[in-house]
There are 2 protein chains.
Amino acid sequence: MSKIKETSTNFANKKALSDECPELYASNIIGGQWPLAICGYLLNGKLRFGELKKKLPNITERMLTLQLRRLEKDRIVKRTVYAQVPPRVEYELTPIGQKLKPVIEELEKWGTLHKQSL
Amino acid sequence: MSKIKETSTNFANKKALSDECPELYASNIIGGQWPLAICGYLLNGKLRFGELKKKLPNITERMLTLQLRRLEKDRIVKRTVYAQVPPRVEYELTPIGQKLKPVIEELEKWGTLHKQSL
DNA sequence: TAAGGTACTATCAAAAATGTAAGTAATGAG
DNA sequence: CTCATTACTTACATTTTTGATAGTACCTTA
């Protein structure tokens, strides 16, 4: 998660694929190491930054920040800052974020199946 | 797609997550740039290496090979070599590979929805 | 004899993702 | 004044993924 180089072949490939196929578009958004894990927890309700951090084993603050920013940009999570000291920031899923539920469920089913077949 | 360093923190994190959550386990297998695209085409039937290459815009032979090898290792595609010259190699989904269909469908639905809401 | 087709492999380089370690602001508690 | 708390940010290093380019083996056909 850093800047993407909009001139790279890789960037062009990703774009080409996700332009035509909604499933690849989706995969580009929620794919990667943390997004699904974060969404999974947020499906059960709002969480503060620190709470998420505790739930996600070994995630660094930097990564968590980057991921949340990206999810926010993609309109999957909503960020609410309370003007307090020390600060309090809450994250929750947006309506379209909530709609990820069936996707996660199917992934879960398939994952379980695949694991069993080992 | 190269060797992974089994001592890295990143490796440990991925493992920890996919050990507990089947959906993250699944995402580790089919996530990434090409696996879903490849499976999408193979859902419609067998394809030869060269046919896949034509369908996947801009993929390099190296990448296609790497991806197919990995999908084979994960028992999602089956590779059949015909002893001919020039060589003929066919790829098709395994039974568990076929079962990815609902996953892909849900991703597709969600992707379409998300795209519309722009 | 030379060229062509197919499915690769090998090397090197670049880009992208992730990790490490340290620091910051603001305020209330002691 | 000093320290603790919370949600970050910054700079740098490492790891992982992807790309570019050039080969290779084998037989068949011209």
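Letters A, B, ... mirror the listed sequences (proteins, then strands); counts begin at 1.
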Counting only side-chain N and O atoms of [X], is one of them less than 4.0 Å from OP1 or OP2 of [N]?
X: A:S8; N: D:dT18; value: no
X: A:Q67; N: C:dT18; value: yes
X: A:N13; N: D:dG19; value: yes
X: B:T9; N: C:dT20; value: yes
X: B:N10; N: C:dA17; value: no

Query raised in the report: Do B:K5 and B:F11 meet the cation-pi criteria used here (NZ or CZ under 6.0 Å from the six-membered ring centre, within 45° of the axis)?
Result: no

Query raised in the report: Has B:R79 got its NZ or CZ under 6.0 Å from the middle of the six-membered ring of B:Y91, at an angle within 45 degrees of the ring axis?
Result: no

Query raised in the report: Is B:K54 atom NZ crowded by more than 12 heavy atoms from other residues, nucleotides or ligands, each under 6.0 Å away?
Result: no

Requested in this report: Inspect the surroundings of NZ in A:K115 and state if more than 12 heavy atoms from other residues, nucleotides or ligands are less than 6.0 Å away.
Outcome: yes

Query raised in the report: What is the distance from atom CG of B:N58 to atom CE of B:M63, rounded to the nearest 0.5 Å?
Result: 13.5 Å

Query raised in the report: Taking only Watson-Crick and G-U wobble pairs with both distances under 3.5 Å, what dot-bracket line describes DNA chain D, where [ ] shows pairs that cross earlier ones and | shows pairs with another strand?
Result: ||||||||||||||||||||||||||||||

Query raised in the report: Nearest nucleotide by nearest heavy atom, which residue falls closer to the 5' end of DNA chain D, B:F11 or A:R69?
Result: A:R69

Query raised in the report: Which residues in residues 78-94 of chain B have at least one heavy atom lying under 4.0 Å from any atom of DNA chain D?
Result: B:V85

Report summary line: Assert: residue with more 5' nearest nucleotide on DNA chain C, out of A:T7 and A:T60, is A:T7

Query - Salt-bridge criterion met for B:K109 and B:E106 (N-O under 4.0 Å) - result: yes

Query raised in the report: Do B:R62 and D:dT21 have a side chain to base donor-acceptor pair shorter than 3.5 Å?
Result: no

Query raised in the report: Contact class for A:T65 vs. all strands (heavy atom < 4.0 Å): base, sugar-phosphate, or nothing?
Result: base

Query raised in the report: Checking salt bridge (Lys or Arg N to Asp or Glu O under 4.0 Å) for the pair B:E90/B:K46: CA distance, chi angles, key distance, verdict?
Result: CA-CA 6 Å; B:E90 284 185 345; B:K46 297 183 184 184; 3.7 Å; yes

